[in-house]
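Here the structure is laid out as structure tokens; the discussion comes afterwards.
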Protein chains: 2
Amino acid sequence: MSKSKSNKCQRMTLQRRIIQEILHNTTSHPTAENIYLEARKKLPYISLGTVYRNLKVLLQDNKIQELNYGKGVSHFDGNYFPHYHFVCQACGRVYDIDITMQQGLLESAKAAAMGEITSHRLEFYGICNACLMEKQSQAN
Amino acid sequence: MSKSKSNKCQRMTLQRRIIQEILHNTTSHPTAENIYLEARKKLPYISLGTVYRNLKVLLQDNKIQELNYGKGVSHFDGNYFPHYHFVCQACGRVYDIDITMQQGLLESAKAAAMGEITSHRLEFYGICNACLMEKQSQAN
DNA sequence: TTACTTGCAAAAGCTTTGCCTTACT
DNA sequence: AGTAAGGCAAAGCTTTTGCAAGTAA
């Protein structure tokens, strides 16, 4: 019997390990491009295609999460545990937000849905403190 | 004084009116392509670029909402009133879901956020009844 | 040794944009 | 009449993919 449930990740290459490390050592929700640039510091010849391919494998293994806002780039989150986000509409940064959804809301969603719910996603949008401060200092 | 707040929409062309009508007469959350195909039934020479340009204008005027799931196409929603959605992961259809977020959750989000929240988005994912039934009938 | 992975580059898919023409107001 | 908007097609961007070579196991 296999020790893993849905492991698509069959060989641990240097590239894969580094991408995984980058994601698990940050809470900044980087894009594929961000990860690529970071990885190149250690592996100058890594290619963007490899980054995308590995992100896909890590997603299938549920080791990371993909977050997309607007139709632009996807962000990736090394924290695979369900949690919610706050997206700054000025700078695009994505912050974790530490709240839990009430069971009641989930229950009423399940009752109201036109089918079976398996997961959900909750995001908040606004302006982050860093951008608010910047705006304030510009006003002076 | 102008009668509108943020009107980017300055001329009501036939194209614009038809796109608006299509969106307001459906709850099916069509993609730009869907809208284009539908509009062509009435305006055979309308172009996809025009559809995108008008959707952008309608978005800026807050007359419609844009919904994107995964990194594929965007869906558009003629209902600009805040509400939530249920997305079928089998067929991609998007359903409205009739629930309200508890004020308490919004409050705790505002308290926990790294900035000022202006809006939020809540989606549920799963398999819709239509797809569940199809799967069931295939099993027979 | 096998076949999963990589690099590179081309292709794909959705959306935007430039340019010139059309037509709303 | 003036200029926003349309049509067409090319360009732009992010992501995917084909292929030959490399490499983990």
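To find a chain, count down the sequence lines: A is the first, B the second, and so on, and within it residues start at 1. Atoms considered below: every heavy atom in the structure, side chains included; atoms not considered: hydrogens, waters and symmetry mates.
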Length of the [atom1]-[atom2] vector between [X] and [N], whole Å:
{"X": "B:N34", "N": "C:dC14", "atom1": "CG", "atom2": "P", "value": "11 Å"}
{"X": "A:L14", "N": "D:dA25", "atom1": "CG", "atom2": "P", "value": "11 Å"}
{"X": "B:R40", "N": "D:dG7", "atom1": "CZ", "atom2": "P", "value": "12 Å"}
{"X": "A:R16", "N": "C:dG7", "atom1": "CZ", "atom2": "P", "value": "12 Å"}
{"X": "A:I46", "N": "C:dT5", "atom1": "CD1", "atom2": "P", "value": "14 Å"}
{"X": "A:I35", "N": "D:dT14", "atom1": "CD1", "atom2": "P", "value": "14 Å"}
{"X": "A:L48", "N": "C:dA9", "atom1": "CG", "atom2": "C1'", "value": "12 Å"}
{"X": "B:Y36", "N": "C:dC14", "atom1": "OH", "atom2": "P", "value": "14 Å"}

Counting only side-chain N and O atoms of [X], is one of them less than 4.0 Å from OP1 or OP2 of [N]?
{"X": "A:N68", "N": "D:dT14", "result": "no"}
{"X": "B:S74", "N": "C:dC14", "result": "no"}
{"X": "A:T13", "N": "C:dT5", "result": "no"}
{"X": "A:Q15", "N": "C:dG7", "result": "yes"}
{"X": "B:T50", "N": "D:dG7", "result": "yes"}

task: Map B:G49 and A:R53 onto DNA chain C by nearest heavy atom, then report which one ends up closer to the 5' terminus.
output: A:R53
query: Are the side chains of A:I99 and A:F124 in touch, meaning some heavy atoms are under 4.5 Å apart?
result: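 Touching, per the 4.5 Å side-chain cut-off.
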query: Can you check whether B:T26 reaches B:E38 side chain to side chain, under 4.5 Å on heavy atoms?
result: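 Counting from C-beta outward, B:T26 and B:E38 never come under 4.5 Å.
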5'-most by nearest nucleotide on DNA chain D - B:S47 or B:R11: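 Final value for this comparison: B:R11.
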- prompt: Which nucleotide in the set D:dT16, C:dC8, D:dA25 lies at the smallest distance from any side-chain heavy atom of A:K56?
  reply: D:dT16
query: What about the rings of A:H85 and A:H29, do their centers lie closer together than 6.0 Å?
result: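 So the answer is yes for these two rings.
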task: Measure across B:L23 and B:P30 and return the closest heavy-atom pair with its distance rounded to 0.1 Å.
output: CD2-CG, 4.0 Å
query: Can you name the nearest heavy-atom pair linking B:G115 to A:F86, along with the distance?
result: N-CE2, 3.6 Å
